[in-house]
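A quick write-up on the structure given underneath.
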There are 2 protein chains.
Amino acid sequence: MQDIRKVKTERDIQTALLKLLREKTFDKITIADICATALTGRSTFYDHYTDKYALLEQMVAHYTDLFARLMHDRLNVLMSESGDKALIAFYKRLQPQGQAILTLLDVHEENADLTKNIKQELKEEWTHYLDTSDRPSTLPRDFMVFLGTDVVMSFIRWSLTHTVDEAIAHFAGRFRQAMFE
Amino acid sequence: MQDIRKVKTERDIQTALLKLLREKTFDKITIADICATALTGRSTFYDHYTDKYALLEQMVAHYTDLFARLMHDRLNVLMSESGDKALIAFYKRLQPQGQAILTLLDVHEENADLTKNIKQELKEEWTHYLDTSDRPSTLPRDFMVFLGTDVVMSFIRWSLTHTVDEAIAHFAGRFRQAMFE
DNA sequence: AGCTATTTGTCCGGAAACGAACACCTTTCT
DNA sequence: AGAAAGGTGTTCGTTTCCGGACAAATAGCT
């Protein structure tokens, strides 16, 4: 059995960092800042993380993993012809973490770049999808991968700041189809 | 110097109770419930409060006191002829605590009844105001006290669930004037 | 460049929170 | 009514977190 305090302090520290990231940039944030808003002692921070970069890296890794798992779970459905509802379901799953993801998407550090990570996941997925698809396109494959990931990225950002309705989901489906015509 | 943990734990426990009060009634809430949502050990609860009633009583007492102080601070301005802006300022001060106050207004326990407490404060204030006012009314004083407190109570609830704009504040002023005609 | 203030990372003794176990009481089921 | 389940309140040994102090590194100032 594991002590709740560990869970709680890490949650508090992570929440604190996210809050601070909405106020200032990562490099302007000090450990003392984090601990003050997390209501934890500064020495406690070092009991859990080696430095603020390690903290950020762990968080970005966590959300990268979350996104990847969520995407792979539903991928077959998402890429199908009638994937409108699946797309909505996908965003529903992302929604609760939405605020955290959105703030982290704007942070770009050496080993902690959620945008970069998600794009990488999307790129691999598009590549694999195009390679196995039985619907060839006249456009260069690399171009379609490039465009596809950026468009999906755009959809994600929009969906998390606003909400996904039927119309948006339907348009996403239409767009995917349009890429093969 | 005092340990942050005390502050933090009590904050977490109180926030947890408020959250639970939005889901179920006070009597259905167990200590274990509170500790589970507060992420604290059950024994820790008893380090701070003798039982859940003591917790609620302390919280109600706190918000009663907050309201009373806020009211007395601005009373002279609030009761003046041009108190529209003062009224808005008053609600601005109440706003941050709004969610907590609103949930506690619906809880009615023996020694923990925020609605009752605030009404008492308002009653005393109206009584004192009417006794010292140089503008006599033909209506019975007790009736005016009764009506006045209920109307203010209504304004408070409405303002905290919605927002106070110029129109509402102005209407409140008009109403106060109407009571003397 | 030199001086000061701030931040970082580490250490430690003491305080607070922890889980687990306990007896006791109330509620629910049968 | 009697058994089972769940909530209360208390205790205690252990773990985690805390504040404070520290040297070293970094940033900001003049």
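None of these values were measured; they are calculated from a predicted model. The chains referred to below are lettered A, B, ... by the order of the sequence lines, with proteins before strands, and numbering in each begins at 1.
OP1 or OP2 of C:dA17 sits under 4.0 Å from a side-chain N or O of B:T9. Between B:Y46 and the phosphate of D:dT10, there is no side-chain N or O to OP1/OP2 separation shorter than 4.0 Å. Between A:H48 and D:dC17 there is a side-chain N or O to OP1 or OP2 distance below 4.0 Å.
In this entry the distance linking CD1 of A:I4 with P of C:dA16 reads 18 Å, nearest Å. B:K8 places its NZ atom 15 Å from the C1' atom of D:dG19, with the value rounded to the nearest Å. Regarding A:D12, its CG atom lies at a distance of 13 Å from the P atom of C:dA17, rounded to whole Å. Rounded to an integer number of Å, the gap from A:Q2 CD to C:dA17 P is 18 Å. If you measure from atom NZ of B:K52 to atom P of D:dT8, you get 6 Å, rounded to the nearest angstrom. The distance between atom CG of B:D47 and atom P of C:dA16, rounded to the nearest whole Å, is 9 Å. Rounded to whole Å, the distance from NZ on A:K6 to P on D:dT14 is 17 Å. Taking atom CZ on B:F45 and atom C1' on D:dT10, their separation rounds to 14 Å, with Å as the unit.
With hydrogens and angles ignored, a donor-acceptor pair closer than 3.5 Å exists between the side chain of A:R42 and the base of C:dG9. The base of D:dG9 is not paired with the side chain of B:S43 by any donor and acceptor separated by under 3.5 Å. With hydrogens and angles ignored, no donor-acceptor pair under 3.5 angstrom links the side chain of B:R5 to the base of D:dC18.
Each of B:T44 and A:T50 has a nearest nucleotide on DNA chain C; the 5'-most of these lies closest to A:T50.
Sorted by first and then second residue, the ring pair (Phe, Tyr, Trp, His ring centres under 6.0 Å) pairs involving residues 12-41 of chain A (not counting sequence neighbours) are A:F26-A:Y53.
The aromatic rings of A:F155 and A:F171 are tilted relative to each other, their planes meeting at an angle between 30° and 60°.
Cluster membership for A:L105 and A:I29, using ILVMFWY side-chain heavy atoms within less than 4.5 angstrom, is shared.
Looking at A:D150 and A:K119, a side-chain N of the basic residue comes within less than 4.0 Å of a carboxylate O on the acidic one, giving a salt bridge. Salt-bridge annotation for B:D106 and B:R157: present, with a side-chain N of the basic residue lying under 4.0 Å from a carboxylate O of the acidic one.
Taking each heavy atom of A:C35 and A:R42 in turn, the nearest pair found is SG-CA, 3.6 Å.
Less than 4.0 Å separates DNA chain C from at least one heavy atom of each of the following residues of residues 17-40 of chain A: A:T30, A:I31.
Remark: aromatic rings of B:Y49 and B:F45 are close, center separation under 6.0 Å.
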